[in-house]
Amino acid sequence: MIKTKQLTYQYQPNEQVFSFPNIDISDQDDLLIVGKSGIGKTTLLHLLAGILKPIDGTITIENTNINDLKSNNLDKFRGHNIGLVFQNNHAITSLSVYDNLKARLFLSKQDIDTSKIDGLLQDLGLIEFKHRKTNALSEGQLQRLGIALAVIHGPKVIFADEPTSSLDDENCRIVIELLKDQANMNNANLVVITHDHRVKPYFEKSITL
Amino acid sequence: MNIWRISVQNIKSRPLYTFLSILVLSLSIALLLGIQQLKTSFEYQMENNLGDIDLVIGAKGSPLQLILASVLHIDNPTGNISYNEALTIGNSPMIEKAVPISYGDNYKGYRIVGTTESFLSFYEAELDEGDFSNRAMEVILGHNVAQQLELNLGDTIISSHGLIDNTIEVHDDELIVVGILKPTQKVIDRLIITNLESIWDIHNHEDHDHDEIDPDQHEDDVHKDHDDDENHDVHDEYDADDDHNHDVHDERDTGDEHNHEAHDEHDTDDEHNHDEHDTDDDHNHDVHDEHHEDKEITSLLITFRNPMGLLTLPRTINENTNMQAALPKFELDRLYQFTGVGLQTISWIAYIILVISGLTIFLSLYKLIKERAFDLALMRTYGASNTQLIKMVIYEGLVIIGLAFVVGYILTKVGLHFIINYIENSPQQNMLQELPLNNILQIIGLVFAMIILAIAIAIYPIIKMNISTILSNEK
């Protein structure tokens, strides 16, 4: 469940003030947020993920007003409840695929369930690469690892920032379906922020910035 | 999985940076440890080998050389002095202890010192086995000598002339080992101790042997009333590596004629000679006195009853006799000042290298943080706190310090092993002491503080990290 109210943000005084429409989605709903470049899509995603603090308005995720959380609690909340997928997927470069997923669980202070990690890697077709360093993965494998990292801890919300913009149609479909499947399996909300209109048919709810 | 494991993986993922950081830091640690060890050894030698020796009286020349030769036993003596004159000075009421020493021979590079039992008290030396003998031609060995040369009680040694191991000028007389000292960590550990008579006897025998070997010379000595010049020619020929000694002989040997007369008349073994012929006690005493009059020692080590002696006696000796009085503390302080400049310079170089290695580690960690900014931001989105990220960087710094210490310590040990091996080829200069633990801890503390400072500056970007900006700039 995600609710925002009169959310505004300004990077620097005398700079543009971003005002965002209210969001209200219940459990397991998916949401597509579309908008042109520079409209503040990533800013909105960072606000929703608690990475940026709004200058005004409130964000409520799973009945918690994340603006009221202190830094440490916000880190914990984010670690437990939020999964992030980036356009260019990244992982901790010094660790293997397997260790990245273990580190993800460790840093969000969850038990390291190796069978769960193996299962997820199996589902995403990464099991044979589990001991590979991330810089030895292909772009597609890295994208799947990014999704694995966003869902391994069983988040309540998955935020994806431009997950398909650099992909061809086929891969765009695969990634969106993977995200939706993982969101369903985790009973999580999926919020995709993109300027890629190819994604629109996959979502019932959408907001245009 | 834990922060430590992530840190170790980070280190392993950039082997070149890690290697260079460890190399530079370990070199500076090795240099610091090495310098400290040399400095400690030097100070130890100065402080511990002085014992309670307040003054050294010897032949005129360099006072520092006299101290180095007579106290630290690492230089050649300035010459010889009359034993009789030394005895007269030693009888002064201001003096608590006056110990004569005489040397000029060695056994396999270890100096043979003719002295009295009181010599041991300067170094608080105790016998490990055997006993201190007052008999001629018997020796007790310093701990290192016995250990290095694997000598035991009852073994015999044949000394060589001079202070450097040689097989050319080997004496005929055997010296028998009758005692071995416990280790003292002082200079006495590398000395062979005997009584004064042994030194005199060996050299007197040699004189006679020379006389016998060279009949013409002998003839000259006997028939030309012991011509001093010729006598010294023989002596000079013999004492090839001890020039100053002969200078003193040339200057002082007024009793040569008498001495040689006595030797020519009597048996070559002095004691035996005295026992055999001297039935009259007075006569015996006279002969003995005459004998001492002719004898020479290298120096006289003096401990005063009170500081008053230090003020008056050295000046009296230096002004009124042809001997010199040198103050060990003063001379060694002077030496320390000279060498201290060198040691200090090297120390500063080591500190500069340490600062450079600190900078290298700082740059390495800073670069790591900058390069891995996205990784770190990513970890924050995973729920990692700033503290966890800082811990991760600190662990990396600590791993580098730890490895650098191990490598630095091994480098120091290996380096000093070679130095010790080199020095042990000339045992008279073996001065190295083990570095005390508190010195090692001091260096660890210094390096640790510097690296913590480097880490503290390096982690600043983590504290100020703007995750949003980093994640936004990922494209």
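Quick note on labels: first sequence line is chain A, next is B, and so on, each numbered from 1. Everything quoted here is computed from the prediction, not taken from an experiment.
Listed by chain and number, the residues in a side chain to side chain donor-acceptor pair (under 3.5 Å) with B/Y460 amount to none (sequence neighbours excluded). Among residues two or more places apart in sequence or in another chain, the side chain to side chain donor-acceptor pair (under 3.5 Å) test is passed with B/Y366 by none.
Interatomic distance, A/T208 OG1 to A/K41 NZ, rounded to the nearest 0.5 Å: 11.0 Å. Atom OG1 of A/T60 and atom CG of A/N67 lie 7.5 Å apart (nearest 0.5 Å). Atoms CD1 and CD1, on A/I66 and A/I59 in that order, are 4.5 Å from each other to the nearest 0.5 Å.
Most heavy-atom pairs under 4.5 Å with chain B, from the set A/L52, A/L45, A/L74: that is A/L52. The most heavy-atom pairs under 4.5 Å with chain B, out of A/L105, A/L84, A/I92, A/L95, come from A/I92. Heavy-atom pairs under 4.5 Å with chain A were tallied for B/N10, B/T387, B/N386; the largest tally goes to B/N10. Among the candidates A/A49, A/P155, A/G79, A/G50, the residue making the largest number of heavy-atom pairs closer than 4.5 Å to chain B is A/G79.
Using a 4.5 Å cut-off between heavy atoms, B/I11 makes no contact with chain A at all. Contact of B/Q388 with chain A is made through the side chain alone, with heavy-atom distances under 4.5 Å. A/D99 touches chain B through backbone and side chain together, each having a heavy atom under 4.5 Å away.
For A/Y9 and A/Y11, the ring centers sit closer than 6.0 Å to each other.
There is no side-chain donor-acceptor pair under 3.5 Å between A/N72 and B/S385.
Residues in residues 382-398 of chain B take part in these salt bridge (Lys or Arg N to Asp or Glu O under 4.0 Å) pairs, two or more places apart or across chains: B/R14-B/E396.
Below 30°, between 30° and 60°, or above 60°: for A/F20 and A/F18 the angle between ring planes is below 30°, a parallel geometry.
Of residues 113-137 of chain A, those residues with a non-hydrogen atom less than 4.5 Å from any non-hydrogen atom of chain B are, in numerical order, A/K133.
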